[in-house]
Amino acid sequence: MRVDRRITDPAARAEMSDHITLHPEWRTALQAEFDSPYMAELRDFLVAEKAAGARVFPKGSAWFRALDLTAPSSVRVVILGQDPYHGEGQAHGLCFSVKPGVRTPPSLVNIYKEMQADLGIAPARHGFLEHWANQGVLLLNSVLTVRMGAAASHQGRGWERFTDAVIRTVAASPEPIVFLLWGAYAQKKAAFIEDVTRGGRHLVLKSAHPSPLSAHNGFFGSRPFSKANAFLREQGREPIDWALPEAV
């Protein structure tokens, strides 16, 4: 990624430029976004955050982790989050996921509860969701960075426009895909998706967010996992193995 050379802090520049990985299919599909003025402004903002001493999560190499693990051609299910966890050691580039050894966050605890009620799968003893990503579940946050301890601190800086482009790319796929949109924030992205109710090829499943504040208002009992797999089977696609292996 290009960095603002007006920032003189070498550590800030390194955080922006080193070890960023992105699947080649996404690089091709999103090149116009990376070259656009709004992305240059976003990069300048992130470098300035680092130069000012702010801690930004996740680390720079994980900003596009969801896109690196799940190529556009392999997407079968999309799960949308809002912005990364803002606590120490939590965010690693996949929405709702945390690395092994990190306490499972409350929203993910509720996701596991619904999965058990829906599919009979016992809750995993960890919150590491790469097993899903490796099968074609795009675990995408709408905003890809956050300042430590400050929820929503990087909203409105350009990430939303970038992830809109990601969703448009996925929605243009000739293959049928399931979009799990939990909560009002995620459901805004439905505007880009031609679903089966509008003569499209994709299935859009909306419900309340799994947060403890809202899960009882429609997330519990929504059965998103069985519905997603039923649709994939109907369309001749492989279902998702939602059962998570033990973390290494």
Side-chain angles (χ1 to χ4, degrees), residues 1-7 12-51 54 56-84 91-97 133 136-147 152-175 177 179-181 185-195 200-202 204:
M1 296 178 69
R2 185 188 65 81
V3 298
D4 187 349
R5 298 302 175 184
R6 293 171 296 178
I7 300 298
R13 291 206 301 265
E15 179 70 11
M16 285 296 298
S17 60
D18 288 352
H19 310 302
I20 289 177
T21 56
L22 182 65
H23 193 283
E25 288 184 24
W26 283 115
R27 285 188 181 274
T28 300
L30 300 172
Q31 191 59 55
E33 303 302 315
F34 285 114
D35 292 341
S36 67
Y38 84 87
M39 282 296 281
E41 292 173 4
L42 174 59
R43 287 188 285 262
D44 290 350
F45 164 73
L46 291 168
V47 171
E49 283 274 86
K50 181 71 176 178
V56 174
F57 296 146
K59 62 182 181 180
S61 60
W63 291 348
F64 303 108
R65 183 65 172 162
L67 302 182
D68 193 39
L69 288 177
T70 311
S73 61
S74 69
V75 175
R76 286 184 278 165
V77 175
V78 177
I79 297 177
L80 285 175
Q82 189 163 340
D83 58 354
H92 69 107
L94 304 181
C95 72
F96 295 106
S97 180
V137 180
L138 181 61
L139 296 166
L140 182 70
N141 279 312
S142 292
V143 176
L144 301 187
T145 59
V146 68
R147 190 185 310 132
S153 52
H154 288 181
Q155 288 183 14
R157 294 290 184 169
W159 280 128
E160 295 93 338
R161 182 171 171 181
F162 177 80
T163 53
D164 284 354
V166 171
I167 295 302
R168 287 191 177 96
T169 299
V170 174
S173 168
E175 297 291 342
I177 292 166
F179 292 81
L180 302 182
L181 306 182
Y185 192 90
Q187 288 166 19
K188 293 178 182 178
K189 303 285 191 183
F192 312 134
I193 306 163
E194 289 295 325
D195 66 27
R201 58 190 169 278
H202 305 310
V204 176

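We're numbering straight along the sequence, starting at 1.
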N/O donor-acceptor pair under 3.5 Å between Asp68 side chain and His23 backbone: yes
Exercise: identify the closest heavy-atom pair between Thr21 and Ser61: OG1-O, 4.2 Å
Partner of Val75 under side chain to side chain contact (heavy atoms under 4.5 Å, CB included), chosen from Val137, Thr169, Leu140, Ile177: Ile177
Backbone of Glu175 reached by a side-chain donor or acceptor of Arg76 within 3.5 Å: no
Heavy-atom side-chain proximity of Gln155 to Asp83 below 4.5 angstrom: yes
Side chains of Glu160 and Tyr185 in contact at under 4.5 Å (non-hydrogen atoms): yes
4.5 Å side-chain heavy-atom contact, Leu46 and Arg157: no
Shortest non-hydrogen contact from Phe192 toward Ala171: O-CB, 3.5 Å
Polar side-chain atom of His154 near backbone of Val143 as donor-acceptor pair, under 3.5 Å: no
Arg65 side, atom CZ; His92 side, atom NE2 - distance, nearest 0.5 Å: 8.5 Å
Positive for side chain to side chain contact (heavy atoms under 4.5 Å, CB included) with Pro84, one of Val146, Leu144, Val56: Val146
Derivation and outcome, side-chain contact (heavy atoms from CB on, under 4.5 Å), residues Ile167 and Leu80: CA-CA 10 Å; Ile167 295 302; Leu80 285 175; 3.9 Å; yes
Heavy-atom donor-acceptor pair, Arg161 side chain to Glu33 backbone, under 3.5 Å: no
Where Phe57 and Ala91 come nearest, the two heavy atoms and their spacing: CB-CB, 4.2 Å
Close side-chain approach of Glu25 and Ser73, heavy atoms under 4.5 Å: yes
From OH (Tyr38) to CZ (Arg43), nearest 0.5 Å: 9.5 Å
Test item: Trp159 side-chain N/O and Ser142 main-chain N/O as donor-acceptor pair under 3.5 Å: no
Heavy-atom side-chain proximity of Leu22 to Phe34 below 4.5 angstrom: yes
Any side-chain heavy-atom pair of Val166 and Leu138 under 4.5 Å: yes
Leu94 to Ala133 - nearest heavy-atom pair and separation: CD1-CB, 4.3 Å
Any donor-acceptor pair under 3.5 Å from Thr70 side chain to Leu67 backbone: no
Validation row: Phe162, Leu30 side chains within 4.5 angstrom (heavy atoms): yes
Minimum side-chain heavy-atom gap Val78-Ile193 below 4.5 Å: no
